[in-house]
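Remarks on the structure that follows.
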Amino acid sequence: MYSQEIMQRGEGPIVLKRRQSLLIGTVGEGSVMGLRKKDLLGLEHVETDEISLILDTAASMKEIIGRQIKKVPTLRGKTVVNVFYEPSTRTRTSFELAAKYLSADSVNISASTSSVVKGESLKDTSATIAALGADVVVLRHPMAGAPGLVANTVKAAVINAGDGAHEHPTQALLDMFTVRERKGGLEDLKVAIVGDILHSRVARSDIWGFTKMGARVSVCGPSTMLPPGLEKMGANVLENMEDALLGADVIIMLRIQLERQQQGLFPSVREYARLFGLNREKLALARPGALVMHPGPMNRGVEISPEVADGTHSVINEQVTNGLAVRMALLYLLAGGGTQ
Amino acid sequence: MDGVAQKAKIMDKEGIRRAVTRIAHEIIERNKGTDKLALIGIRKRGVPLALRLAGKIRDIEGKEVPVGILDITLYRDDLGTRAQQPLVLQTEVPFSVDGKTIVLVDDVMFTGRTIRAALDAIIDLGRPRLIQLAVLVDRGHRELPIRADYVGKNVPTSRREAVEVRLQETDGEEDVAIMKEKEPGAIL
């Protein structure tokens, strides 16, 4: 095994530094295992070696984002259609840029400006998109399971960009990528997910993904926002935030949807912030060097205090960059090959 | 390489060492020194060869030449014809290629398609003054108008044969052999 890596600082002499396996990678040469399914609908049914492949590929993609010319010709002639039935800034922009950086053509369709307002069904909309020749359909939809329905009707690869409270697999993959890059691995890490677990597709995908990769996941939130069945997914359920944070390596804060207060799921925003908001004092319970993450958009001063959101533990902006790398990896893995 | 028989060994350890030494001398001679010179190895066996060339150049001239690593997967022209995609590994070129003389290094030159992809990849990183090509083995059968500036050994081959380069760093052994009856089209 070759074990020297080249490092060069400025124009000075090169330094050969010992490090394992960067040069050759850990897999054999040539064509290797790809993803087993044509779609990415959720992490529940994705195997650990597939997650590793996505994260490894994303690491290579991240180098491209750092270049002056952020473009490779890989997906020339492929078409990515982003269909968003719910508002989104970062996920949609991220998919759009990921497609552009790989030289694919991308088109955005949002429900409010499409034939959806004329009453067109999801099935008919997807048939239209398929007929226009899409290679990948990225779908966000308020109904859980909608991407699966589309995946069964179209030949194109379907990527779930968030469906109801079901899954948001690309967010969980970018979370895992961020943690793996900072901590060197995921195994045996203590991950705390805090907030509205009930309505959070991010939490569900994070629980599937992190536990599959060997991390220990605790979830915490008001009891009205903890759905049943979390233990079966492999998570440790806690109602006290301090217990969840104690010794945590990673803290994932979820956005509290303020409209939920009207549904009576928590008494007041101030009380929620006091019990389940992350501030400097609570952060001190976590391991030194713990990472603070948030899928965005943040309610500053509610689930996360500004000093923590902008503090040294926060990797929230890095998550956005890494999201781009992960989505490039997925587009390559799902659309890069020929027809099977 | 299952079901493949070795036909002939064409280079041994010493042969490879001598070829690398000669190419290092030729690079220095052709470029009149090492000013603005940089080596870029193509994954995977071009990388140890580039490092060895840099070592030789250091021995001869006493100057350090920066070495980069190029992964050309994203630039391949056959992605659309393969059922599964090859693994994308990282490109690591930790210096600016602008205005440099870049020597691209690979083990075997065959159709020229890998080099075409590598040229596109380098040009995406910036604008070198000059790009040259060094290969350990040139086996012919070019499909593009590309030639090497430095060649370790020219080996006439049949299209049905494959040339296998094994290097200590990547394979634990050190030789070059011609193999028979490899599936066609297995090498880019």
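In the text below, chain A, chain B and the rest are named by the order of the sequence lines, each starting its count at 1. Note that the structure is predicted; figures quoted are calculated from it, not measured.
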Q: Might you confirm whether atom CG of A:Asn317 has over 12 heavy atoms from other residues, nucleotides or ligands at distances under 6.0 Å?
A: no
Q. Under 4.5 Å between any side-chain heavy atoms of B:Asp124 and A:Lys71, yes or no?
A. no
Q) What do the steps show when you test A:Val72 against B:Tyr75 for side chain to side chain contact (heavy atoms under 4.5 Å, CB included), and what is the final call? A) CA-CA 7 Å; A:Val72 292; B:Tyr75 293 85; 3.1 Å; yes
Q) Quick one: CG on B:Leu74 to CD1 on A:Ile64, what's the gap to the nearest 0.5 Å? A) 4.5 Å
(Q) Is it true that, when you exclude A:Lys212 itself, more than 12 heavy atoms of the residues, nucleotides or ligands shown sit nearer than 6.0 Å to its NZ? (A) yes
Q | Crowding at CD, B:Glu14 (>12 non-hydrogen neighbours, <6.0 Å) | A | yes
Q) Listed by residue number, which members of residues 171-183 of chain A have a heavy atom under 4.5 Å from any heavy atom of chain B? A) none
Q) Who are the side-chain contact (heavy atoms from CB on, under 4.5 Å) partners of A:Thr57, not counting sequence neighbours? A) A:Leu53, A:Met61, A:Ala329, A:Tyr332, A:Leu333, B:Val88
Q | Region of A:Gln68 that comes under 4.5 Å of a non-hydrogen atom in chain B | A | neither
Q) More than 12 foreign heavy atoms under 6.0 Å from NE2 of A:His45: is that the case here? A) no
Q.
How about CZ on A:Arg76, more than 12 heavy atoms from neighbouring residues, nucleotides or ligands closer than 6.0 Å, or not?
A. no
Q) Which pair of heavy atoms, one from A:Ser60 and one from B:Gln90, lies closest together, and at what distance? A) OG-N, 3.5 Å
Q: For B:Arg127, look at atom CZ and say whether over 12 heavy atoms of other residues, nucleotides or ligands are found less than 6.0 Å away.
A: no
Q. Can you find a heavy atom in the side chain of A:Arg67 that is under 4.5 Å from one in the side chain of B:Thr91?
A. yes
